[in-house]
Protein chains: 2
Amino acid sequence: MTQIKEASTIQENKQAAFKECPVTYVMERIGGYWKPIILFHLLAGSKRYSEIKKAVPGITEKVLIQHLKQLEADNLVIREARPVVPPYVTYRLTVSGMGLRPVMYAMANWAVEDSEANGTPMYKSLGNFPETPKLAAV
Amino acid sequence: MTQIKEASTIQENKQAAFKECPVTYVMERIGGYWKPIILFHLLAGSKRYSEIKKAVPGITEKVLIQHLKQLEADNLVIREARPVVPPYVTYRLTVSGMGLRPVMYAMANWAVEDSEANGTPMYKSLGNFPETPKLAAV
DNA sequence: ACAAGTACTTACCCTAAAGTATGTATCATC
DNA sequence: GATGATACATACTTTAGGGTAAGTACTTGT
């Protein structure tokens, strides 16, 4: 176990929260701005690096690979590289990553409803939502 | 919400993504580490400031009120203050905030399953998942 | 010969977010 | 009259994340 200094009560508390709050668990793995967006675009299936880059406008290459590597290290995506030139690298979700589909779907769903409720509907439907979502009982 | 400079093309792209990707929409409102955790703890119903502070260990007071104010400004929580001494302030979810319940639930669900799949089960069940409080019309 | 495409890498900078610490108003009680 | 509780506020510092720009390796196309 990691040793913790007496003075750092916050880190201790964070540890406790991590063990008790499932949402904290999630945030530790897909927290931040970009990761959910990247994962969302991978729901449709494996994509080349360049495809992801196009699908996620606004992200810089540095930040993109940075997160892709992190997601790979966290066992959420799998990187597959064909030893060809020019490089052909694809990324796809692991089983664990696939498990996030309901999360993404719930998010997308809320975005539609909430933007409508705000009087500024931005997304007509979820017709273009990647593939069949398994609806978990809520 | 956010002010945008002309010259930055990435910001333009971010705008485009905002209009096309529902997950981006969500991230703009509850992105970051703390907000989902705070919202999760408010699912159970209205809580006093001090209660939230206890429920979300690891967060500093500064960051907590900062996010609470932001969430209030984004119409996700409602602040109610009784003019008494000592102060009695409660926070509760708006209808919009309540709409995030499926998102939270999906997250919590994934945390349980994923931690089990990892061989390090951290949360036995979702028995303690915040029940639906009386739905207040807002 | 040289540009173009692919999937990165590296170096440097800058800002926004978060952490630390202390202060404030009001009243109750000890 | 000092202390504690509550719900913040404010100043200051640090850190992590993100942005800009340029480079790399290797081959195909012109």
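So that the names make sense, note that chain A is the first sequence line, chain B the second, and so on, each numbered from 1. None of the values given here were measured: they were computed from a predicted structure.
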Item to complete: Would you check if Tyr88(B) and Arg48(B) make a side-chain contact, meaning some heavy-atom pair closer than 4.5 Å?
Response: yes
Worksheet item: Any side-chain N or O of His67(A) less than 4.0 Å from the OP1 or OP2 oxygen of dG18(D)?
Response: yes
Worksheet item: Could you state the CH2-C1' distance from Trp34(A) to dG17(D), rounded to the nearest angstrom?
Response: 12 Å
Item to complete: Taking side-chain hydrogen bond (donor to acceptor under 3.5 Å, both in side chains) as the test, write out the residues that go with Glu61(B), two or more places apart.
Response: Tyr49(B)
Item to complete: Applying salt bridge (charged side-chain N to carboxylate O under 4.0 Å, His left out), name anything that partners Arg92(A), two or more places apart in sequence or on another chain.
Response: Glu80(A)
Discussion item. Without decimals, in angstroms, what is the distance between Gln66(B) CD and dT20(C) P?
Written reply: 14 Å
Practice prompt. Determine, for nucleotides 4-13 of chain C in 5'-to-3' order, which nucleotides have protein heavy atoms under 4.0 Å from the base (write B), from only the sugar-phosphate (write S), or from neither (write -).
Written response: -BBSBB-B--
Worksheet entry | Rounded interatomic separation in angstrom, taking OH from Tyr33(A) and C1' from dG19(D) | 15 Å
Worksheet item: Which hydrophobic side chains are connected to Val85(A), either touching it within the sub-4.5 Å cutoff or through other members that do?
Response: none
Discussion item. Please report the distance, rounded to the nearest Å, between CG in Leu64(B) and P in dT6(D).
Written reply: 14 Å
Response to the item:
From CE of Met27(B) across to P of dG17(D) the rounded distance in Å is 16 Å
Practice prompt. Please name all residues satisfying side-chain contact (heavy atoms from CB on, under 4.5 Å) with Pro87(B), sequence neighbours left out, ordered by chain then number.
Written response: none
Practice prompt. List in chain and number order the residues that pass side-chain hydrogen bond (donor to acceptor under 3.5 Å, both in side chains) with Thr90(A), two or more places apart in sequence or in another chain; answer none if no residue qualifies.
Written response: none
Fill in: Rounded interatomic separation in angstrom, taking CD1 from Ile52(B) and P from dT6(D)
14 Å
